[in-house]
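Working notes, beginning with the structure itself.
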Amino acid sequence: MSLFVINRYLGDEVESTEDRAKALLEKLRQQAKERQSQLKHNERNVKEVSESYVEEEVTETIETTDYNEGSEKRKKSKKRKKTLDETPTDLESHELDAEPEEENELKAKKTHKKKIKKDKQEDESIVLEDHDVKKGHKKKVKKQKTEVCASFESTQSEDAKADRKKKHKKHKHRQREENSDKGSGDSGEDPVEANNNDDNSDHEFVDSSEDPVEAQNNIEENSDQELVDAGEDPAETHTDNDDKKEIEDAKMEQNGKGKKNALSNPKSLLLGGFEAKPVQKVLPFLPLWLAKPSLVQKDIKQNLVSIHDVPCIDPNIKKRLEANNVKSFFPVQAEVIPAILDSCVHGFLVGRGGYLPNDICVSAPTGSGKTLAFVLPIIQVLMTRVVCEVRALVLLPTKELAQQVCKVFNVYADGTGLKVCLIAGHKPFAKEQESLVQKKIFGFCSLADILVCTPGRLVDHIQKTEGFTLRHLRFLVIDEADRMIDTMSQDWLPQVINAAYKPSENGLLFDRKLPTIRTAANYGQLQMPLQKLLFSATLTHNPEKLQKLDLYQPRLFTSIYKQPRSNANDSQSEPATSENFSLPKGLTHYYIPCVLNSKPLILLHFLLTLRFSRVLCFTNSRESSHRLFLLIKLFGGIDVAEFSSRLSPGERKKTLKEFEQGKIKL
Ligand SMILES: Nc1ncnc2c1ncn2[C@@H]1O[C@H](COP(=O)(O)OP(=O)(O)OP(=O)(O)O)[C@@H](O)[C@H]1O
């Protein structure tokens, strides 16, 4: 059955192809016919042009017949003359016959004489006319011969020009007919004048040039221009356009000369002629707090400050520091910890002297000890609190960083009674809710003093966790601030700020209001301030980005600045450090430019030859990290593990542990 269907189908297909072939053949035949007819048409045109010679001869014969007609006229006039000569004899005989009517006869004689005079004048004019007509015709014949010669040459080269010649001929014929009409004197004009008109028409045609060949060229040019306008001959448009350009250039030159003349002429006023002035370079303008920061020493090892030398550190904190083998502060810690504590002199409920504390920004390289710089003052300030409320919120971009910071908080909060809570999606949402708030008879109470979280998870809790509040928030820490600013499009900051300044349902006395301009009216209203603390390895100096953070009178601590070069040796010792970035001491930076394809091989080469014990290799995406992991695992012969969001939190934890233990080298 299926075979039958296929056969039928094939048969139809064959028929259809035959039909198509026939149709194609017919088409081709039609096209060939059309081409033949076109060729015939062209040949006819050529014939017509060649026949034009014959036509010219015919016109000449016609013109000679005209001349013959003129001679006939002359004969007629002669006859008339003869009759006139004969008439006086008749009159004389009439006088003899009728003498009494003498007066009437005299009048008749006079009128006859007048008629004779008129006829004579007419005869003379006819003779002159014949002479002029002869001259005019000779000129015409000459012109036509030259024109036709030119047209014949051009028709051999181009068919398009033949059409133009046709038009030209028609025009000529029309003129000739008009002239012949005029020459015949049907309109009753003076024949001499008519002849003059004929000459004028020739002049018009020749366009005031005496040479008829030139006139022909002029006509051709004009007709070419018409064709160009109609878009018939694109090849010729090019030359015409070039001519136009030349004309325009010439005009421009003329205008330029005109302008120069105008400028040279002190009397002439040139409007809009402004003198070119050098544009002043616009220098970037930074706000004062960015332009003049508090400088922090870069060198960690040489600028250590003993923990006992830093004022206002709580003895309990010092003990904990010593217990963790920290005997001195790094430069950043020595500068920033006192600054944060200073803003909390009167406790965390009110700012110093009732004023709002400055927000603090810290820009120091990786490993400079930034974490302790905010952990220690926060714990010291909050350790005296009575009621457990969320008073410190630390935001980090990733779960791992949040876990790391939470770990440090737990170390130094131990024994103070402060509760530290991690909200980073490491636990199910419900479990996180349980660790945040507890429902009691009088309402919800907080289970955390310090919250370490990622922004996404925090926003979820602000929106969904009942009883979770940030109304008592005193410190908002934004670690890895640069990366956090990049995630500002998620609008986590406005949600945190709204939650912090949300009025209580009971209308409490200590409800906070967003900071505004200080006035006498609002001066007395004491309220707990919300202080922002920003930490970053490379804090942006882009005011537009920093504007998003809505900082209040910020203070910047930075170890990233341009050091004055005392001598040539100093300049040689730190060539790799750029003006915007600084590396911590002991860290060496290598830069290897290479082809993209050879990157994994070069990495493997360094791993094998330099024999590093533990290596962290960062890639720009989880896909490329997976690719690199597979490549090194297969060909490298190194203990390697993948660490990215492709893996579950449990797997990642296990990998980190193995890395710490030295089981994984890369
Ligand atoms: N005063 C100190 N004395 C000894 N070790 C310290 C001191 N402060 C910090 N450290 C140790 O230095 C290491 C780096 O510190 P930390 O993680 O705070 O640096 P960081 O500037 O926060 O780095 P990153 O920018 O990567 O977060 C940590 O292992 C920390 O325990």
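Being a predicted model, the structure only gives us computed values, none of them experimental.
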Self-check item: Six-ring centre of Tyr501, Arg471 cation under 6.0 angstrom, axis tolerance 45°
Solution: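 No, cation not above the ring by the 6.0 Å, 45° rule.
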As an exercise, state the distance from [atom1] of [X] to [atom2] of [Y], rounded to the nearest 0.5 Å.
X      : Y      : atom1 : atom2 : answer
Phe444 : Glu466 : CZ    : CD    : 3.5 Å
Asn358 : Asp342 : CG    : CG    : 9.5 Å
Trp289 : Asp359 : CH2   : CG    : 9.0 Å
Asp639 : Ile664 : CG    : CD1   : 8.0 Å
His626 : Leu647 : NE2   : CG    : 9.0 Å
Leu470 : Phe468 : CG    : CZ    : 4.5 Å

Exercise. Verify whether one side chain among Glu651 and Ser648 offers a donor that lies under 3.5 Å from an acceptor in the other.
Key: yes
Quiz item: Would you say the side chains of Ser536 and Glu480 form a donor-acceptor pair under 3.5 Å?
Solution: no
Under 3.5 Å, is there a donor-acceptor pair between the side chain of [X] and the main chain of [Y]?
X      : Y      : result
Lys370 : Ala364 : yes
Arg614 : Gly662 : no
Thr454 : Gly456 : no

Exercise. Would you sort out whether Arg646 and Glu642 count as a salt bridge (charged side-chain N to carboxylate O under 4.0 Å, His left out), showing the intermediate values?
Key: CA-CA 9 Å; Arg646 283 185 77 256; Glu642 187 184 352; 3.1 Å; yes
Tell me the closest heavy-atom pair linking [X] and [Y], and the distance in Å.
X      : Y      : answer
Leu418 : Leu382 : CD2-O, 3.3 Å
Ala413 : Ile379 : N-CD1, 3.5 Å
Cys344 : Phe475 : SG-CZ, 3.6 Å
Leu493 : Leu549 : CD2-CA, 3.8 Å
Gly369 : Gln333 : O-NE2, 2.9 Å
Glu432 : Ala424 : OE2-N, 3.4 Å

Exercise. Kindly indicate, with the supporting measurements, whether the criterion side chain to side chain donor-acceptor pair (under 3.5 Å) is fulfilled by Gln495 and Gln463.
Key: CA-CA 9 Å; Gln495 298 212 41; Gln463 290 171 351; 3.0 Å; yes
Taking C-beta and beyond as the side chain, do [X] and [Y] meet within less than 4.5 Å on heavy atoms?
X      : Y      : value
Tyr412 : Asn324 : yes
Asn316 : Met383 : yes
Arg652 : Glu400 : yes
Ser294 : Phe557 : yes
Leu395 : Asp479 : no
Gln661 : Leu656 : no
Cys388 : Leu447 : no
Met484 : Pro455 : yes

Quiz item: Please walk me through it: do Leu396 and Val394 pass side-chain contact (heavy atoms from CB on, under 4.5 Å)?
Solution: CA-CA 7 Å; Leu396 291 121; Val394 184; 3.9 Å; yes
Quiz item: side-chain contact (heavy atoms from CB on, under 4.5 Å) with Phe329: which of Leu304, Asp309, Ile313?
Solution: Ile313
Quiz item: Name the one of Leu476, Leu530, Ile478 that satisfies side-chain contact (heavy atoms from CB on, under 4.5 Å) with Leu393?
Solution: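 Of the listed options, the one satisfying the test is Leu476.
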Quiz prompt | Steps toward side-chain contact (heavy atoms from CB on, under 4.5 Å) verdict (Glu389, Asp449) | solution = CA-CA 5 Å; Glu389 294 288 356; Asp449 291 291; 5.7 Å; no
Quiz item: What's the verdict on side-chain contact (heavy atoms from CB on, under 4.5 Å) for Cys361 and Leu551, showing C-alpha distance, side-chain angles and the deciding distance?
Solution: CA-CA 9 Å; Cys361 303; Leu551 299 170; 3.8 Å; yes
Quiz prompt | Lys318, NZ atom: more than 12 neighbouring heavy atoms under 6.0 Å | solution =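 More than 12 within 6.0 Å, yes.
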Self-check item: Other residues, nucleotides, ligands: >12 heavy atoms within 6.0 Å of Lys665 NZ
Solution: no
Quiz item: Once the angle between the rings of Phe429 and His461 is folded into 0 to 90°, is it parallel (under 30°), tilted (30 to 60°) or perpendicular (over 60°)?
Solution: parallel
Practice problem: Take Cys406 and Val420, measure what side-chain contact (heavy atoms from CB on, under 4.5 Å) needs, and give me the verdict at the end. | Solution: CA-CA 7 Å; Cys406 188; Val420 183; 3.9 Å; yes
